[in-house]
Protein chains: 2
Amino acid sequence: MRASCFAEVLGERIDLTSNEKAALARLEEKSRDIRRGAVLQRENEPSGDLHIVRRGLLMSYVLLDDGSRQILRFYFPGDMLGVPAMIYRESPETIAALVDSEVCPFDRAALSRLFEEHPRVATMILVLSQVERVALTDRLAALGRTSAKARVAALILDMRNRMAAQDKSITDTFSLGLTQEEIGDATGLTAVHVNRMLRQLEEDGLIAREGGRMTIRDQRALARAANYVDRYAGLELGWLPAAR
Amino acid sequence: MRASCFAEVLGERIDLTSNEKAALARLEEKSRDIRRGAVLQRENEPSGDLHIVRRGLLMSYVLLDDGSRQILRFYFPGDMLGVPAMIYRESPETIAALVDSEVCPFDRAALSRLFEEHPRVATMILVLSQVERVALTDRLAALGRTSAKARVAALILDMRNRMAAQDKSITDTFSLGLTQEEIGDATGLTAVHVNRMLRQLEEDGLIAREGGRMTIRDQRALARAANYVDRYAGLELGWLPAAR
DNA sequence: CGTGTCTTTGACGATTGTCAATGTACGTGG
DNA sequence: CCACGTACATTGACAATCGTCAAAGACACG
């Protein structure tokens with residue numbers, strides 16, 4: 001088992017000192033298994049711990065008055081969960097596991113100490129929160145201004161790329177791991193229309209599907225259809241404070 | 001002129017020490033006027049300075065391949081601009097002034113120093129970035145799952161509340177300061193449909209309009225129509241690190 | 001083998017977009 | 001002061017996208 005998933009994510013961007021690594025490892029001392037479908041944190045209930053994903057796939061979502069659901073974000077190993085909830089008395093969103101997962105809980109005080117003792121790590125946490133912000137604004141633009149087909153294409157590409165970033169064995173053929181209803185709740189569509197869009201993407205030769213697995217047949221065209229931009233490239237971190 | 005607009009925003013949440021106040025004032029030593037319609041930072045161009053808004057109203061947006069625009073966020077006095085651009089070599093979004101405005105530029109190194117020397121302020125910057133994140137996810141849910149009328153209602157309420165937070169003299173009658181095309185670009189609608197929705201809200205008795213000014217006639221019903229949640233309430237900041 | 005979840009498909013309807021025309025306010029230059 | 005141009009708001013007719021409803025098929029699991 002790795003010492004710290006979060007440290008691995010940071011370690012891809014900066015060279016961590018052993019002090020920093022030790023501090024990050026303390027965030028992941030405890031760990032907790034969470035079953036597919038289980039809820040880690042529920043909207044409008046008191047905010048609990050923060051978490052780092054060690055294994056699996058989770059999502060955050062909100063429920064609207066009419067019962068419809070909007071999925072806000074998917075979480076992969078190394079991602080930090082519950083940061084928005086940390087600042088509120090009650091959580092603004094629900095976090096649930098899409099597959100059997102493992103998370104490491106820690107409390108706000110631990111994060112607070114990290115900010116005091118390791119300013120470079122603190123800055124990196126702000127940087128990662130901004131990467132997530134840009135991903136959210138990309139999706140905002142997709143929901144506001146692109147077609148259903150483009151939104152589904154963008155979701156497929158984004159999921160593939162985030163899986164591949166975390167598991168090098170992922171290729172153009174992979175298992176999306178989402179139902180069509182979940183794809184719809186993430187893209188602002190109905191499950192029925194998602195089905196139609198998947199079929200169209202298949203007819204256009206951009207993807208292929210069989211038995212729950214999906215193949216990207218024409219990545220270039222899919223990215224064009226999706227207005228896709230890779231937001232994990234092009235980072236500029238030369239200005240970070242010195243390590244401690 | 002106030003010493004620091006940003007310090008005022010933070011000061012509403014925590015009691016700042018004089019050291020902290022001095023550090024924040026240094027971010028706003030310089031200042032720059034920017035005219036209505038002028039662009040402060042352009043998408044895909046090298047990222048420049050960060051800014052704090054001292055006066056006026058700005059917005060960030062992205063342009064899509066087909067020429068359509070998605071407005072991501074409006075910025076009021078005391079807001080920090082360009083944080084997403086800071087982490088990239090090239091800016092992911094355009095920032096432009098909606099009215100004649102004044103901003104205070106500072107560079108990434110200044111933010112970096114702030115993180116090293118004032119961990120509590122650093123933590124508050126993360127907190128504010130999370131408030132913004134929650135505002136963005138609220139809008140994501142609005143675009144994905146609510147009707148055109150609800151989105152327009154939500155925009156009206158949000159703008160009013162953010163104006164009132166910054167200028168206590170704002171009442172139920174105020175000037176929105178946006179064209180219907182801008183409202184559409186923020187809500188993912190066309191200008192024509194925004195017009196229809198405004199007329200419907202007026203016919204429903206929720207708002208009144210005359211000569212560019214707008215009156216909220218039934219705030220309760222408007223909030224219900226909009227699924228509105230005030231995200232500046234309910235903050236829980238007892239866990240912040242100690243001040244320096 | 002039965003049950004539940006998920007996928008697929010068709011028919012129809014509602015919401016929202018597109019196009020085009022007109023109206024209104026405002027500023028600019030003659 | 002008036003004519004003109006420009007930006008913005010308003011309205012109607014029509015079209016396209018996407019949602020709703022309903023039914024049937026595929027698949028896994030006990």
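This is a predicted model, so every value here is computed, not measured. Residue numbering restarts at 1 for every chain, and letters A, B, ... go by the order of the sequence lines.
- In this structure, the CG atom of B:Leu189 is 11 Å from the C1' atom of C:dT15, given to the nearest Å.
- An OP1 or OP2 oxygen of D:dT10 is reached within less than 4.0 angstrom by a side-chain nitrogen or oxygen of B:Asn195.
- Map A:Thr179 and A:Gly144 each onto its nearest nucleotide of DNA chain C; the residue landing nearer the 5' end is A:Thr179.
- When the side-chain nitrogen and oxygen atoms of A:Arg209 are compared with OP1 and OP2 of C:dT8, one or more of them lie within a distance under 4.0 Å.
- Ion pair B:Asp33/B:Arg55 flagged as a salt bridge, since at least one NZ, NE, NH1 or NH2 atom sits closer than 4.0 Å to an Asp/Glu carboxylate oxygen.
- Sparse packing is recorded around CZ of A:Arg36, with 12 or fewer heavy atoms of other residues, nucleotides or ligands lying under 6.0 Å away.
- Nucleic acid contact class of B:Gly184 (heavy atoms, under 4.0 Å, all strands): none.
- Atom NZ in A:Lys149 sits about 15 Å away from atom P in D:dG19, given to the nearest Å.
- Of the candidates C:dT16, D:dT11, C:dT18, the closest approach to any side-chain atom of B:Arg199 belongs to D:dT11.
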Exercise for the section: Evaluate side chain to side chain contact (heavy atoms under 4.5 Å, CB included) for B:Leu81 paired with B:Leu40, printing each intermediate quantity in order. Expected result: CA-CA 10 Å; B:Leu81 291 181; B:Leu40 188 58; 3.7 Å; yes
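- Between the CD atom of B:Gln200 and the C1' atom of D:dT10 there is a distance of 14 Å, rounded to whole Å.
- Base contact: B:Arg196 has a heavy atom under 4.0 Å from a base atom.
- With rounding to whole Å, A:Arg145 atom CZ is found 13 Å from C:dT18 atom C1'.
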Exercise for the section: Verify side chain to side chain donor-acceptor pair (under 3.5 Å) between B:Glu102 and B:Ser31, making sure each step is shown before the conclusion. Expected result: CA-CA 7 Å; B:Glu102 186 183 353; B:Ser31 119; 2.8 Å; yes
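- Using modelled atom types, one side-chain atom of A:Arg151 and one backbone atom of A:Thr187 make a donor-acceptor pair closer than 3.5 Å.
- Distance, A:Glu182 CD to C:dT5 C1': 12 Å, rounded to whole Å.
- Rounded to a whole Å, the CG atom of A:Leu178 is 12 Å from the P atom of C:dC6.
- Atom CD1 of B:Ile183 is separated from atom P of D:dT10 by 10 Å (rounded to the nearest Å).
- Both B:Val192 and A:Gln180 lie close to DNA chain C; mapped to their nearest nucleotides by heavy-atom distance, the more 5′-ward contact belongs to A:Gln180.
- At whole-Å resolution of the value, CD in B:Glu202 and C1' in D:dT10 are 12 Å apart.
- The residue A:Gly188 sits close only to the backbone: its heavy atoms come under 4.0 Å of sugar-phosphate atoms, none of a base.
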